[in-house]
Amino acid sequence: MCRRNVVESDRHFYMRRVVAERLAAARAVTEEGRQRRLVLVETYLQKLQAMPA
């Protein structure tokens, strides 16, 4: 199988990270862990909003 080196866009990367961190927050065992994940979600969302359309 031939794989091409494809670079994902920043927008796609941040959206993927938002989804992953939200899922991780939902699975978190402790409240502290959940809060850390939600802070990351907020950070990624801010980065997305700062990007030009």
Side-chain angles (χ1 to χ4, degrees):
M1 177 199 244
C2 181
R3 294 190 116 205
R4 294 182 184 191
N5 290 334
V6 178
V7 178
E8 67 182 332
S9 70
D10 288 341
R11 184 172 301 282
H12 185 259
F13 171 80
Y14 289 128
M15 282 304 299
R16 192 168 49 83
R17 295 310 309 152
V18 165
V19 171
E21 293 302 335
R22 281 184 177 158
L23 290 171
R27 293 188 311 264
V29 175
T30 64
E31 181 60 26
E32 293 81 11
R34 187 175 87 75
Q35 288 303 317
R36 278 194 305 271
R37 298 296 188 159
L38 293 176
V39 167
L40 286 172
V41 167
E42 185 59 34
T43 300
Y44 293 137
L45 287 173
Q46 288 173 0
K47 288 179 183 282
L48 277 168
Q49 291 172 345
M51 288 182 169

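Residue indices begin at 1 and follow the sequence shown. Because the structure is predicted, anything quoted here is derived from the model rather than measured.
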Which donor-acceptor pairs under 3.5 Å do the side chains of residues 43-50 make with protein atoms, sequence neighbours left out?
residue, atom, partner, partner atom, Å
T43, OG1, V39, O, 3.0
Q46, NE2, E42, OE2, 3.4

List the atom of G33, the atom of A28, and the distance in Å for their closest heavy-atom pair.
C-CB, 4.0 Å
Using atom types as modelled, flag every donor-acceptor pair under 3.5 Å from a side chain in residues 11-26 to any protein atom, sequence neighbours excluded.
residue, atom, partner, partner atom, Å
R11, NH2, P52, O, 3.0
H12, ND1, E8, OE1, 2.6
R16, NE, E8, OE1, 3.3
R16, NH2, E8, OE2, 2.5
R17, NH2, E21, OE2, 2.8
E21, OE1, R37, NH1, 2.7
E21, OE2, R37, NH1, 3.3

Would you list the pairs meeting ring-ring contact (aromatic ring centres under 6.0 Å, His included) in which at least one residue belongs to residues 15-36, sequence neighbours left out?
none
Would a single hydrophobic cluster contain both L40 and M51, if residues Ile, Leu, Val, Met, Phe, Trp and Tyr are joined by side-chain heavy-atom contacts under 4.5 Å?
yes
Q35 CD to E31 CD distance, which is reported to the nearest 0.5 Å
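Going from the CD atom of Q35 to the CD atom of E31 covers 4.5 Å.
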